[in-house]
Protein chains: 2
Amino acid sequence: MTFPTHVRLIEVGPRDGLQNEAQPISVADKVQLVNALTDAGLGYIEVGSFVSPKWVPQMAGSAEVFAQIKHKPGVVYGALAPNMRGFEDAVAAGVKEVAVFAAASQAFSQRNINCSISESLERFVPIIEAAKQHGISVRGYVSCVLGCPYEGQVSAQQVAAVAKELYAMGCYEVSLGDTIGTGTPTATRTMFEAVGAFIPREKLAGHFHDTYGQALVNIYASLLEGINVFDSSVAGLGGCPYAKGASGNVATEDVLYMLNGMGIETGVDMDKLLLAGEHICNVLGRVTGSRVAKAREG
Amino acid sequence: MTFPTHVRLIEVGPRDGLQNEAQPISVADKVQLVNALTDAGLGYIEVGSFVSPKWVPQMAGSAEVFAQIKHKPGVVYGALAPNMRGFEDAVAAGVKEVAVFAAASQAFSQRNINCSISESLERFVPIIEAAKQHGISVRGYVSCVLGCPYEGQVSAQQVAAVAKELYAMGCYEVSLGDTIGTGTPTATRTMFEAVGAFIPREKLAGHFHDTYGQALVNIYASLLEGINVFDSSVAGLGGCPYAKGASGNVATEDVLYMLNGMGIETGVDMDKLLLAGEHICNVLGRVTGSRVAKAREG
């Protein structure tokens, strides 16, 4: 049984973590968070989202955040750009990497982005073309890969079909998201085996939610499948909109604790990461979602 | 990669979960909890502890609890009996299975039970002899198998040495406990490989604490080592005395969720288990430690 020697952690806290927060968070606090994550050694930080402020008011200041953060050489500062307008705003803000997102479930695609899966993929074609011209790389997300809040089960073949299209279009990496956190390790492995038949495993990432406490074990199951890129959120920022009070994103600290224990390199400093999490939790006035942070506070 | 088709869950909530609760819990509430766990289909419930009420006041009513619970045929109702006096009280209460506990760390043994590891093992000899005469089976616990709050690292060889002695003395099963929850999957596997060199794996159990969020992934790693008996606590009852506010025992609901997802049989009904957890959390006035329970409430 072999594991990757190195894992790349994609920190989604400033975007995926904060986007559903009801209270306004200042640009200064967001900048502070991104800078603290940079200092902690993260190599990829998803900073914001270029979407209509009508839909996601919390992400309205993304251009200002990009303008004010410290840009450390070698670190990727990414942003969501779900449509052409958002892409153009991202380019204007100096963003060098964008992400697009599709769903593996037809019902989720309709309810979440108001179009079918194939319509959403068609929209990405001109974005990815324009990105190539600007030398901007594009990451693809697929949501609901291990279950859908509306459809229930989602087949691994369906996930593979959507992921394959995103990869064929030019996404350099496809992140497979267990949006509702219902996945367990066997399903995780089956899903990666299905997707891995079409896309090299080093081009895949896992994005696990801890709603049912399964995120870490699913990451371990993914490591066994040769996956070595994982999305996570400092302090577990970002609840689950489908189960109030429950966890959403897996906490970066808890993933790092496991990887450190396994001797897998990430380049991330635990103490600095804990400080970043503690600070943003104080700003938000909320309890950390990281078990490691809770244990260290005790 | 193969997994056991069946897992035996050892429910430790009524004993390990409640023993550190500061507020008094009535015998009636304990009986209600044990009966609800019986109804949920658990095959082994650790009901109480026959120790000096001076040391563990919460367990003072264990004999009354044993007298009042429903005894379902085929279900084992166990109790801790750390010394001869406790063993005799357990026998008088009609207990058919007892457990003894040793530590893998010398410092923990001294501070927790006031004697060296070898002294603690010597004390178990007459208990196990007496148990044989009464037709009572004895389960052995080893604590601090993946770390000690006083010594830090604990070697897998040291764990194996203690476990081997308990097994040789006549314990039919040895439960290996990550008392402070610092274990990660690689260390878990190394530990089971070391112990498995001396004791058949079907005679071993895993007892993981979720203090750093690692319990489920360690259980998965254990399943990969052929271990198929795990201790857990409904609603994650029982905090971690070494990290205030942090989790202790892994929640039975969360373990069951993973095993159900993997198609591994346990005989436990999730809905009834959730009800048992909800009820005792209401009695204690505390929030459940189970992520599954939190998500279901949402």
Side-chain angles (χ1 to χ4, degrees), chain A residues 1 3 146-147 180-190 209-225 236 239-248 250-251 253-264 270 287-298, chain B residues 1 3 146-147 180-190 209-225 236 239-248 250-251 253-264 270 287-298:
Chain A
M1 201 160 300
F3 293 102
L146 294 169
I180 55 170
T182 53
T184 48
T186 309
T188 298
R189 301 191 68 172
T190 303
H209 281 205
D210 206 29
T211 321
Y212 294 86
Q214 311 293 313
L216 268 195
V217 70
N218 289 338
I219 290 174
Y220 186 80
S222 307
L223 288 168
L224 286 169
E225 287 294 323
C240 177
Y242 306 101
K244 221 178 143 188
S247 312
V250 67
E253 297 91 323
D254 299 1
V255 180
L256 182 62
Y257 192 93
M258 179 179 81
L259 297 174
N260 283 346
M262 295 176 72
I264 294 175
M270 178 66 91
V287 174
T288 180
S290 157
R291 302 232 164 178
V292 173
K294 276 183 197 155
R296 289 286 179 91
E297 282 166 9
Chain B
M1 203 161 300
F3 293 102
L146 294 169
I180 55 169
T182 53
T184 48
T186 309
T188 298
R189 302 192 68 174
T190 303
H209 281 204
D210 206 29
T211 320
Y212 294 85
Q214 311 293 313
L216 268 195
V217 71
N218 289 338
I219 290 175
Y220 186 80
S222 307
L223 288 167
L224 287 168
E225 288 293 323
C240 177
Y242 306 100
K244 223 176 142 187
S247 311
V250 66
E253 298 91 322
D254 300 0
V255 180
L256 182 62
Y257 192 93
M258 178 179 81
L259 297 174
N260 282 347
M262 295 176 71
I264 295 175
M270 178 65 91
V287 174
T288 181
S290 158
R291 302 232 165 176
V292 173
K294 276 182 195 154
R296 289 286 179 91
E297 282 167 9

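First the proteins, then the strands, lettered A, B, ... as listed; each starts at 1.
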request  = Grab the two heavy atoms, one from R296(A) and one from Y212(B), that are nearest each other, plus how far apart they are.
outcome  = NE-CE2, 4.4 Å
request  = Heavy-atom distances under 4.5 Å only: say whether S290(A) touches chain B with side chain, backbone, both or neither.
outcome  = neither
message = If you count heavy-atom pairs within less than 4.5 Å of chain A, which of D210(B), L259(B), D254(B) leads?
response = D210(B)
task = Identify the residue among N218(A), L216(A), T184(A), L224(A) that makes a side chain to side chain contact (heavy atoms under 4.5 Å, CB included) with Y220(B).
result = L224(A)
inquiry  = What's the separation between atom OH in Y257(A) and atom OG1 in T211(B), rounded to the nearest 0.5 Å?
reply    = 8.5 Å
note = Most heavy-atom pairs under 4.5 Å with chain B, out of M262(A), E253(A), Q214(A), belong to Q214(A)
Among G183(B), P185(B), G181(B), A215(B), residue most engaged with chain A (heavy-atom pairs, under 4.5 Å) = P185(B)
ask   = Taking A251(A), A187(A), A221(A), G261(A) one by one, which has the highest count of heavy-atom pairs under 4.5 Å against chain B?
value = G261(A)
